[in-house]
Amino acid sequence: MHIITHKTPCTHLKHSIVKSSSESTHIMTDNATAQASAQVPILATRGYQQEMLEESLKRNIVIALDTGAGKTHIAVLRLKFEVERESRKVSWFLVPTVALAQQQQAVIANHIPVPVGLISGANEPDQWKDPALWRAVLVDYRIIVSTPDVLLNALRHGYIHLGRDIGFLVFDEAHHAADRHSYNLIMREFYAGLPPRGGAESADAGVRPMILGLTASPIFGGDAEMSLRQIERNLDATVCAPLRFRSELEGFVHRPQFKHVVYAEPMYPIVGILPSSSLQSLKDVVASLKIEEDPWVIDRRAALRRLEPGPDRTRIDQRLSRAIDKHDTFAHKGLRDFERAAEEICSYLGAWAADWYIQQVCEQAMRAGELFPEFSFSSSESERNYLLKNLARIEIAPVPEGEEEGPADVMRRTSDKVAKLIDKLLEEKAIFEDQHHMEYRGLVFVTRRDAVLALTAILARHPRTAHVLSVGSLLGESGSFRRRAFLDITRRLLRQPASATLDAFRIGDLNLIVATAVAEEGLDIQACCNVVRWDPPANMVSWTQSRGRARQERSSFVVMLSDSLAFADDVRKWVALEHRMTELYNTKQELRALLADEDRLEDDDEDNLRFTVEATGAVLTGNSAITHIVHFCAILPYPGQGHHSPLFDIDPPDYPFEWHADAGPRLEYKGPYGCTLRLPKLVDPRFRVFSTPQIHSTKLKARRHVAFQAYRALYANGLLNDHLLPLTSVLEPEMESEVRALLQEVEQRDGTAQVSSQMDPWRVSETAGERLWWSTILEVDGLPPLRLLTQTALPLFRDDELPVIHTREQPPFKVRIRTESTFATADDDDGILARARIFTRRFFWPLYSSRMKWGQMDFVHLFLPVDESLTVWDERRAALLSVPGFSDAGGRTLFAPFSWWDQHYGHVNEFSVVTGTGFGGKPFQFIRWKNDPVTAEERDGIVKRYVRPKDDDGSTTFNITYPLIETRPFSKRNFLTPMPAESKGLDAASQQPVLLLKEFSLVALISSHEVQYALWAPSIIRYLQLASTTSSMRDNLFADTPLADIPLHLLMEACSAPAAQEHSHYQRLETLGDTVLKYTVSIQLLSAHPLWHEGYLARRKDHAVSNANLSKMAVKRKLFRWIIRDRLVPKRWRPRLTSDPVGFLFEETSSPAPEMVLMTAKEERKASTARNLSTKVLADVVEALIGAAYVHGGFALGTECMKVFDLGLSWNALPDCIDAMYVRVAEFDRYPVQITIVESILGYTFRRKAIAVEALAHASYQSDLETISYERMEFLGDAVLDMLVTDYLYRVPGKEYSPGQIHMIKTTVVNAHFLAMLCLRASTMIPAAMPSWSQHDGVTVNDDTQPAYLWQCMLHSSVQVMDEQRATFTRWNRPGGQDEIEAAFAEGKAFPWSALTSLQAP
């Protein structure tokens, strides 16, 4: 859309909104080519809407129009103007509910062709802890719709700056902007402090945004003037209504006809005989309840007996007193609420409704308690059973459901109020359908949701309405997932969700909805012709909102009043207030007088609690402090029982100490108040407890002050980032943004990294200057030494670093490698390079000629005998060359016919290689001459080799001449790899003899020792490549560090990827190194961050050891150059040439070297694969190198390796880390007796017993010992246990467990079930001497012992923990528990997973 900046916005809007003949309008653009796609239909703009639009461009206003007058349409036009200003700021549309947000976003997006964002709980904005996420939203969307809490939280955490980021702010249902509502807090905390708009600000100036409010009822109390002034002050805006087009407005807004229905006031509460036997039974059950029998009370009394004096005992004492005083335990309160709801339903709806309601609730409760544990309504099984037991005592009288008796029973046993309602509904329906010829749509507002359900059930069954009215229900949603109320189960009585109900109402499947207040405000409910208030409105807002739903022409608004007319005065007052409100905001002069000399947006926060982080603009106030503290505690690591929460203790307590014991009289206390806040035991004791003195007028102010104090302390101690949020990347605040950016990068990564491939140790750059050839002597026992010439110097090898060759014919042996000094230059003055090239071609040709070209001699590796004296084989090749017709072309002089060989040398068996005629046959290894007659199977083999298949009779006429040549195929394999244990050696199928005919065979004129060297050469060259690559890494990456002493074989193993298919690759070392890394990082973090709880430590560790971080550091150190991932394929090997394409191995360069030739498509794909290296491989090699360092030099050398890769941590020696942790341990004056018992069980005496106390302390432990709970020690213990088990499995003699086997075995012993079993059976016997007296012996002391178990030594103060421990121990001791598990470990063939799991250990 082409957007033009206009100087006269009002004129522009008047001309850009043009009515069409169909009374619709379009947004016009100045770009004719884009007009068709940019024209978006908008409802016709009325005069009064245009008036309000123009007014909103001049100043901040709150538009006060009746429901249905088109307030949203005005806001859409205003948003359109804001979008066309080309401002870089967004427009933000605030609505009070999620349902309304979805509705308004759809409307705006349908009419304005720009991205319109919706942020609600479904997007989990609380988890958007990366500022970049919010910046991206502000860039991508021009308009954002959300609930106010979303924006308020983003402002408080500094993700959004109200002045710089938002240019226009819309408050839908603006009458909410009062008191502590989020609308008001946004204005007070962030808008008020911004400089006013001056009119000429830059697009990104940090000034107050423009404000537009929308409301149908700008009154929230009984004083119209005060309400208007308060809303105007809070929103810094003027309440406005149309003046010039007021008459037009009255033509579009249809005020409903007010009516009332008088019904007979029922008796409530009911006195005497109840009309419902079910209700009478329910009341009898409730009357028989005794608070002292409630399991919650019993558990708390038991807890008080166990607890020592202290704040936690005082807290439970107060809760118990309150529960006994108020009878508000879960079960007692739930049953009393049930009784009250049922009695009210019986009074106002009738006995049938009470019977139906009681029956439905009891059935739902039984299902929730027995069939649907996910809907369990109590956190305690004993409370649930107690509640279900009492519900089962209710004698329910089932309501008739038959086609005849059911409706008759409903009609007979309903109240006068229901009857009057039905009369009115049918009357109104008849009026609209018969007189006005309109389709009936009705809405009945009911206060209690239980009454909504019961009234819906009546109308659906009543004979007068069942076939006339199609009824649905709407209920409000619970405000909190933590809410626990017995009657919450009635939500399951709804026949369909709210969205389905509204859809059915819109399309006409339903013509009547019975609803709570959820339908009063904002929801897009089709205009109704009849609205009925079953209960009188609770306030002026409710009156206005519900009445506004009746906005069809000639609609009616009915209020049901009892014959006592108790609410008549309220109705008259609301009518008068509404008239006064209309007069006020329709009169400019009066509004100006009201606003004269008023200081808008006065800050009534007398406490003035405010803290701002300058770096981000994040704000902490008294209003937000409690919420922040609760959130901080909620995300602490889950303790397994209950959840973490802050504990606020008001000073003085509400009840005298142990008031619950006698429930005596108490004096009412009205302040002042103090408060003590205690954070969970995971938090360091130094800033776990905060207090504020008794100086605050209310309890809420005391809580806010102490929460504000605590949250500032958490920030000061580094437990919050600069956005005042708990650390998410768990780094120091100054590092958080960097790490969050890294994590975002990792999330977008596809699992590969663009890198250059591994180094090529043989390639020399064209710019290297003088070409030198280096000489290396290869020696094998029993064979003459051989010289290897290369253009790169090879490393020096110790005796334990020499390659070992494994063959079928003999035991493994070493190839000795002796490096000489510089041997020759590229000028080749003495011709040695030329001789070496000729020898190398002759050396390899017999075995590899099928993949070689005779004319190519630019070999990368040149070979030459150390002794170049002429040999008998030189004479034989010369003799063959002298034969007329023979030439040296194509290697012909290397293969002689057997006829020539027999003629000159007879049956001399000195040759080693035999091949077929044609100079392209496969080479075979000569074994012996065979003169024995062949078997039938051998004859078939010979015929198959020499007779063409088309010669049908060839097999019968073919003559075999003797002697035959018995050979076997050459074994081309990687001789660095040991022969498999299952190998059959020479008996293998691939090594079975092959018989050749002399007349069709050639003998290779090459010595046997040259053949041996040629066969092993690929493996030797491969070893030298691996060694050179690894040595290069050691010399570059580990130079001047202790890591340079790590043996070459360990480094080669660590750098070899599984794709290389070497005998040893990095996976075993990687498994060990991963464990060493996690263990070391855990200790480093524990030492460096003594204030961090386990959650922060775990997250920081996870980041440090993540594949993303490791691969990042590997790329930074260019480790990819030394990762060996090419593989040797012996059957396809040939001597490498300098003219070969780069292929898989190439040096790191930005452009192809001059000697590089064009690659084929296959070679290009291979090179591309090399450049795209898996990030996991990079991370694995880092961990494997750590493992290699640990194997060679323990934790000290492993830590040195971690230093090389940095990983974002400060590395210290582990002993220093442990000493630092010891220094911070504060010893206690006394220790719990459990410490002594644990020492007896372990057979170890703790030198620092305070650490043992911490390791045993559960989060619920109530004691004056200044210790934190065990989570930090558990974090360390997990790493220690993993380290011990992995190290043991890695080193088991003779096993060489694979990584998969190590993981599988470790999983069986390092898991919660197995460790719980160890805890259950670990015990000691404690002496227990008991005196006794008998007449014969007098007093004697009987020596005895009692068992004490490790699980009993946990330090806790939780009834739930104790119950779960006892239940687990009972399952351990029962048949099929301990005995079955112990037997499975002693004699079983399978791990007893099922038996261990059945213990259900907490």
Side-chain angles (χ1 to χ4, degrees), residues 129 611 613 615 618 620 625 628-639 644-647 677-691 706-736 739 1080-1104 1208-1212 1214 1216-1228 1248 1250-1251 1253-1255 1257-1259 1261 1263 1265-1279:
K129 298 174 182 177
F611 169 70
V613 179
L620 174 68
H628 285 328
I629 281 289
V630 171
H631 175 252
F632 174 84
C633 295
I635 66 171
L636 293 176
Y638 177 62
H644 291 302
S645 60
L647 300 176
L677 168 61
R678 288 177 173 83
L679 301 179
K681 277 193 173 288
L682 271 71
V683 181
D684 190 274
R686 285 170 285 178
F687 44 92
R688 184 190 300 160
V689 180
F690 301 89
S691 296
V706 75
F708 184 86
Q709 174 189 349
Y711 211 67
R712 284 202 63 176
L714 293 176
Y715 175 75
N717 283 279
L719 297 183
L720 307 174
N721 63 18
D722 281 344
H723 291 281
L724 293 179
L725 281 169
L727 301 183
T728 51
S729 62
V730 278
L731 293 180
E732 290 76 2
E734 62 270 17
M735 298 177 62
E736 177 133 340
V739 174
T1080 306
V1081 168
S1082 297
I1083 294 180
Q1084 299 284 345
L1085 292 175
L1086 280 166
S1087 174
H1089 303 286
L1091 303 182
W1092 281 10
H1093 58 69
E1094 185 263 345
Y1096 285 4
L1097 294 170
R1099 292 181 188 179
R1100 181 63 183 91
K1101 183 196 73 173
D1102 290 344
H1103 177 268
L1209 296 177
S1210 298
W1211 300 97
N1212 298 302
L1214 292 190
D1216 295 340
C1217 293
I1218 295 172
D1219 289 341
M1221 287 189 281
Y1222 281 158
V1223 169
R1224 301 187 184 104
V1225 175
E1227 294 298 327
F1228 306 139
R1248 294 173 176 84
I1251 298 178
V1253 173
E1254 179 180 337
H1258 185 264
Y1261 182 47
S1263 170
L1265 294 177
E1266 291 295 325
T1267 183
I1268 61 175
S1269 51
Y1270 58 60
E1271 282 77 11
R1272 277 175 59 93
M1273 286 298 101
E1274 187 244 342
F1275 172 79
L1276 175 60
D1278 179 70

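Nothing here was measured: the structure is a model prediction, and the numbers come from that model.
- Nearest heavy-atom pair across Asn1212 and Gln1084 is O-NE2, 2.6 Å.
- Rounded to the nearest 0.5 angstrom, Met1221 CE and Asp1216 CG are separated by 11.0 Å.
- Considering every non-hydrogen atom in both Ala710 and Ile629, the closest pair reads CB-CD1, 3.9 Å.
- Atom CD of Glu1094 sits about 9.0 Å away from atom CG of Asp1278, to the nearest 0.5 Å.
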List the steps and the verdict of side chain to side chain contact (heavy atoms under 4.5 Å, CB included) for Arg1100 and Leu1209.
CA-CA 10 Å; Arg1100 181 63 183 91; Leu1209 296 177; 3.4 Å; yes
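- The closest side-chain heavy-atom distance from His1093 to Glu1271 is not below 4.5 Å.
- Nearest approach of Val683 to Ile1268, heavy atoms of both residues: O-CG2, 3.4 Å.
- In this structure, His1258 and Lys681 approach most closely via the heavy-atom pair O-CD, 4.0 Å.
- Remark: Asp684 engages Arg686 in a side chain to side chain donor-acceptor pair (under 3.5 Å) (not counting sequence neighbours).
- Under the 4.5 Å side-chain criterion, counting only non-hydrogen atoms from C-beta, Tyr1096 is not in contact with His1089.
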Apply side chain to side chain contact (heavy atoms under 4.5 Å, CB included) to residues Phe687 and Leu719 and explain how you reach the verdict.
CA-CA 11 Å; Phe687 44 92; Leu719 297 183; 3.3 Å; yes
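- Counting only heavy atoms from C-beta outward, the side chains of His723 and Val613 never approach each other to under 4.5 Å.
- Summarising the geometry of Ser1082 relative to Ala1279, their closest heavy-atom pair is OG-CB, 3.6 Å, with the distance given to 0.1 Å.
- At least one side-chain heavy atom of Val630 sits under 4.5 Å from a side-chain heavy atom of Pro646.
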Test side chain to side chain contact (heavy atoms under 4.5 Å, CB included) on Thr1080 and Trp1211 and set out the steps.
CA-CA 9 Å; Thr1080 306; Trp1211 300 97; 3.9 Å; yes
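- When all heavy atoms of Arg1272 and Leu1091 are compared, the pair lying nearest together is NH1-N, 4.4 Å.
- Not less than 6.0 angstrom separates the ring centroid of Tyr711 from the ring centroid of Phe611.
- In this structure, the side chain to side chain contact (heavy atoms under 4.5 Å, CB included) partners of Arg678, at least two apart in sequence or on a different chain, are Pro311, Arg315, Leu647, Asp649, Thr676, Val689.
- Taking 4.5 Å as the limit, some side-chain heavy atom of Asp722 sits within range of a side-chain heavy atom of Tyr715.
- We find the CG-CD distance between Leu1276 and Glu1254 to be 9.5 Å, quoted to the nearest 0.5 Å.
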Cys633/Leu679 under side chain to side chain contact (heavy atoms under 4.5 Å, CB included): CA gap, chis, key distance, verdict
CA-CA 7 Å; Cys633 295; Leu679 301 179; 3.9 Å; yes
